[in-house]
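A short worksheet on the structure shown next.
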Amino acid sequence: MSDYSRPKGTQDFLPEVQPYWEYVRTIVADLAREYGFERIDTPIFETTELFARGVGDATDIVEKEMYSFEDRGGNPITLRPEFTAGVVRAYIENGLRVQPKPIKLYSIGPIFRHEQPQAGRFRQFHQFNAEIIGTPSPLADLEIMLLAWDLYDRLQFRGLSFQLNSTGCPTCRPRYVDALVAHYHTHQDRICEDCQRRLQRNPLRVLDCKQAQCQPVIAAAPKISEHLCDDCAGHFSELLGYLDALGKPFTLNHRLVRGLDYYTKTVFEVWAEGIGAQAAVCGGGRYDGLIALLGGPETPAVGFAAGLERIIMVMEAQEVPVPPLPTPPVLIAHLGAVTRLEAVRLLAALREAGIGVQIAMSKSLKSQLRQADKAAARWVLILGGDELARGEVTVRDMASGSQQTISREGIVAWISEQLQHPA
RNA sequence: GUGGGCGUGGCCUAAUGGUUAAGGCUCCUGACUGUGACUCAGGCAACUGUGGGUUCAAGUCCCACCGUCCACCCCA
């Protein structure tokens with residue numbers, strides 16, 4: 001055993017799991033492009049201040065989950081705990097507001113949160129993220145939700161639940177929070193300790209408390225949907241109208257508040273089973289105030305992020321089939337020092353013709369064929385003393401075990417022919 | 001941060017407190033010095049997570065630490 005082990009909450013993605021990742025990344029990227037999203041890649045680390053401001057001081061992420069450190073110049077750095085703040089920073093910094101609005105951007109990459117690992121929770125994990133920046137239209141909310149919908153649809157997921165709510169805006173939310181706090185004050189003695197604390201710091205969070213004693217208080221609490229201002233209520237009902245028209249099933253969840261400060265109006269999550277105690281496979285919503293908060297012009301936006309590990313865990317649980325990764329169809333076997341030179345020439349010639357090929361590296365033909373078997377090669381080209389003398393190669397079909405002799409000059413064309421016209 | 005379960009070769013698993021810790025998988029070699037998958041025969045590979053303690057004797061009992069898994073908080 002090595003003296004070194006991977007940091008807590010991180011993973012080694014061995015070749016055997018790569019088909020899942022390749023499949024998911026491909027589906028996600030194809031889908032995003034079909035929807036008209038363009039890819040943007042931002043740094044995996046940013047200045048700490050960006051996340052502290054953007055995500056919000058009172059959030060769990062900023063309070064206890066960030067990977068923060070000082071670089072050699074003494075600058076406060078944080079490994080990104082989510083995508084949106086970095087994407088918005090890039091939008092402002094690169095002057096993307098001069099582009100036609102809205103701009104639709106997606107990203108795929110690693111995310112870092114210093115949490116205690118458990119089923120479906122890692123310190124380094126991966127997200128697919130999509131944002132529509134520059135429009136207040138509920139159509140943008142709809143597009144983001146449809147993208148999430150189609151993503152899971154294309155992955156053949158079953159039994160998902162779409163949770164939806166509106167958290168209002170700076171006009172109506174404070175009024176609602178006041179009403180909520182007032183309600184809780186009349187039941188102060190009946191709620192759990194955590195909720196006592198939430199009431200001080202982040203009152204909306206009392207709504208997703210799971211303590212039994214708090215449930216009656218939550219059930220009797222005022223609902224934000226009944227406190228929305230005209231603008232927010234209109235926005236929400238327009239979105240619901242689109243979803244109804246499309247027959248998309250969703251659950252209105254008054255208790256869905258989400259952990260980030262920047263959300264306004266629409267918030268949603270998608271829940272799935274099969275990832276331990278974790279339910280959410282994706283979450284998102286509208287954040288009309290964030291861009292101005294980070295120093296940009298007043299710009300409405302909406303987005304979501306999906307956790308790729310959780311997607312893959314559900315795929316495994318539901319036994320969603322994934323295509324195998326392609327391997328080189330040809331392997332060159334050789335016998336003896338003199339044949340090796342010709343084997344290397346043949347290797348180069350095949351590659352020049354665009355044919356996937358590798359060369360055996362062990363001595364005995366037996367072990368070379370074993371290697372071909374493990375590598376799932378379709379053909380082994382055997383170059384021995386006899387073949388070399390006659391200017392030929394022996395072609396072994398690994399599936400059938402049958403062999404034939406082809407001239408050295410004609411072998412590249414023969415393989416190309418076979419590959420173009422599969423039997 | 002808090003709580004619980006579990007730590008034996010790369011992986012899976014065995015070993016009434018008692019010799020040089022056993023087996024399977026994988027990998028390598030060989031069974032016609034030119035033929036894979038099956039079979040057979042060999043071989044590589046573990047100071048039993050780490051450090052203490054109890055004992056004549058510890059993989060086995062006790063303690064601590066570390067790691068891991070699961071759960072809480074919260075989320076992807």
Side-chain angles (χ1 to χ4, degrees), chain A residues 1-12 14 16 55 58-65 80-84 108-129 148 163 192-195 197-198 201-202 205 208-211 256-260 267 269-272 275-284 304-314 331 333-336 339 360 362-388 394-403:
Chain A
M1 183 66 98
S2 156
D3 289 337
Y4 303 105
S5 55
R6 76 187 97 89
K8 185 193 283 273
T10 62
Q11 307 176 87
D12 295 315
L14 302 181
E16 63 196 45
V55 177
T59 60
D60 276 9
I61 289 179
V62 173
E63 277 190 348
K64 54 183 194 186
E65 294 172 5
R80 65 183 176 206
E82 57 122 41
F83 269 112
T84 303
I108 302 175
I111 296 291
F112 305 85
R113 290 184 198 170
H114 193 105
E115 290 189 279
Q116 209 53 246
Q118 70 184 74
R121 170 174 297 163
F122 307 92
R123 289 188 171 182
Q124 176 180 336
F125 60 101
H126 299 77
Q127 286 186 343
F128 163 61
N129 183 267
Q163 306 286 316
C192 71
E193 278 183 34
D194 282 341
C195 283
R197 221 164 2 92
R198 292 184 179 112
R201 277 199 329 219
N202 203 340
R205 299 234 65 91
D208 58 19
C209 180
K210 286 159 197 151
Q211 293 291 320
L256 185 69
V257 289
R258 313 263 316 135
L260 311 180
V267 292
E269 288 183 359
V270 179
W271 294 353
I275 39 180
Q278 265 53 248
V281 289
C282 103
F304 88 108
L308 301 187
E309 277 81 358
R310 291 185 181 180
I311 284 178
I312 287 173
M313 288 174 90
V314 172
L331 182 135
H334 44 84
L335 293 149
T339 63
S362 51
K363 245 175 58 194
S364 74
L365 182 59
K366 187 192 223 8
S367 68
Q368 295 186 44
L369 283 170
R370 200 178 295 141
Q371 184 190 342
D373 190 47
K374 298 280 157 55
R378 275 178 72 185
W379 300 286
V380 174
L381 306 186
I382 302 171
L383 260 173
D386 299 348
E387 286 86 350
L388 192 63
T394 295
V395 180
R396 180 177 180 82
D397 183 305
M398 290 298 283
S400 66
S402 63
Q403 300 190 170

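Throughout, a chain's letter reflects where its sequence line sits, starting with A, and its residues are numbered from 1.
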- Query: With rounding to whole Å, what would you report as the distance between B:rA46 and B:rC38 at their P atoms?
  - Reply: 26 Å
- Task: Would you kindly say whether A:E387 and A:T394 are connected by a side-chain donor-acceptor distance under 3.5 Å?
- Result: yes
- Take A:I275 and A:G307, find for each the nucleotide of RNA chain B with the closest heavy atom, and name the residue whose nucleotide sits nearer the 5' end. A:I275
- What's the CG-P distance between A:D60 and B:rC74, to the nearest Å? 7 Å
- Checking A:D12 side chain against A:L14 main chain: does a donor-acceptor pair fall under 3.5 Å? no
- Item | Residue whose nearest RNA chain B nucleotide is more 5′ - A:K363 or A:Q278 | A:K363
- Message: Using side-chain heavy atoms (C-beta onward) and a distance below 4.5 Å, is A:W379 in contact with A:D397?
- Response: yes
- Task: Measure the spacing between CG of A:L369 and OG of A:S362 and express it to the nearest 0.5 Å.
- Result: 9.0 Å
- Task: Round to a whole Å and report the spacing from CD of A:E65 to P of B:rA76.
- Result: 9 Å
- With the side chain counted from C-beta on, respond yes when A:V314 and A:I275 share a heavy-atom pair under 4.5 Å apart, and no when they do not. yes
- Query: Which residues satisfy the side chain to side chain contact (heavy atoms under 4.5 Å, CB included) test with A:K363, sequence neighbours excluded?
  - Reply: none
- Does the base of B:rC74 carry an N or O that pairs as donor and acceptor with the side chain of A:R258 under 3.5 Å? no
- Message: Return a single string for nucleotides 30-36 of chain B, one symbol per nucleotide in 5' to 3' order, where B is base contact, S is sugar-phosphate-only contact and - is none, cutoff 4.0 angstrom on heavy atoms.
- Response: ----BBB
- Query: Can you tell me how far C1' in B:rC72 sits from the matching atom in B:rC65, rounded to whole Å?
  - Reply: 23 Å
- For nucleotides B:rA64 and B:rA57, find the distance between their P atoms and express it as a whole number of Å. 23 Å
- Rounding to the closest angstrom, what is the interatomic distance between B:rC47 and B:rA41 at atom C1'? 30 Å
- Just how far, in rounded Å, is C1' of B:rA76 from CD of A:E309? 8 Å
- Query: Can you name the residues that form a salt bridge (charged side-chain N to carboxylate O under 4.0 Å, His left out) with A:E115, not counting sequence neighbours?
  - Reply: A:R121
- Query: What stem regions, each of at least 3 consecutive Watson-Crick or G-U pairs below 3.5 Å, can be found for RNA chain B?
  - Reply: B:1-7 with B:66-72, B:10-13 with B:22-25, B:27-31 with B:39-43, B:49-53 with B:61-65
- Item | Distance in angstrom units between A:E82 CD and B:rC74 C1', rounded | 15 Å
What's touching nucleotides 43-45 of chain B from the protein side, N or O pairs under 3.5 Å?
none

- Message: Classify A:E115 by what it touches in the nucleic acid, base, sugar-phosphate, or nothing, heavy-atom distance under 4.0 Å.
- Response: base
- Task: Take atom C1' in B:rU13 and the same atom in B:rU8, then report the distance between them in whole Å.
- Result: 9 Å
- Message: Which residues pass the ring-ring contact (aromatic ring centres under 6.0 Å, His included) test with A:F304, not counting sequence neighbours?
- Response: A:F128
- Item | For atom NE2 of A:H114 and atom P of B:rC75, their distance in whole Å | 18 Å
- Message: Can you check the distance between B:rA21 and B:rC63, where both ends of the measurement are the C1' atom (answer in whole Å)?
- Response: 25 Å
- Could you tell me which residues satisfy salt bridge (charged side-chain N to carboxylate O under 4.0 Å, His left out) with A:R396, sequence neighbours excluded, listed by chain and number? none
- Message: Less than 4.5 Å apart, side chain to side chain, heavy atoms only: is that true for A:E269 and A:R258?
- Response: yes
- Message: I'd like to check the side chain to side chain contact (heavy atoms under 4.5 Å, CB included) partners of A:P117; sequence neighbours left out, ordered by chain and number.
- Response: A:K8, A:R123
- Task: Using a 4.0 Å heavy-atom cut-off across all strands, classify A:A333 as base, sugar-phosphate, or nothing.
- Result: nothing
- Let me know the distance between CZ of A:R123 and P of B:rC74, rounded to the nearest Å. 18 Å
- Query: Can you name the salt bridge (charged side-chain N to carboxylate O under 4.0 Å, His left out) partners of A:D208, sequence neighbours left out?
  - Reply: A:R205
- Spacing between A:L14 atom CG and B:rU26 atom C1', to the nearest angstrom: 14 Å
- Item | P atoms of B:rA22 and B:rA45, separation to the nearest Å | 13 Å
- Message: My understanding is that only residues two or more places apart in sequence, or in another chain, count here; which of them pass salt bridge (charged side-chain N to carboxylate O under 4.0 Å, His left out) with A:R197?
- Response: A:D194
- Check: A:H126 main-chain N/O paired with A:E309 side-chain donor or acceptor under 3.5 Å: yes
- Say you pick atom C1' in B:rC75 and the same atom in B:rA71; how far apart are they, in whole Å? 15 Å
- Item | Contacts of A:A372 that satisfy side chain to side chain contact (heavy atoms under 4.5 Å, CB included) - sequence neighbours left out | A:L331, A:A377, A:V380, A:M398
- What is the distance, rounded to the nearest whole Å, between atom CD1 of A:I61 and atom C1' of B:rG1? 17 Å
Set out, line by line, the N/O atom pairs under 3.5 Å between protein and nucleotides 67-70 of chain B.
| from | atom 1 | to | atom 2 | distance (Å) |
| --- | --- | --- | --- | --- |
| B:rU68 | OP2 | A:K8 | NZ | 3.4 |
| B:rC70 | OP2 | A:A119 | N | 2.9 |

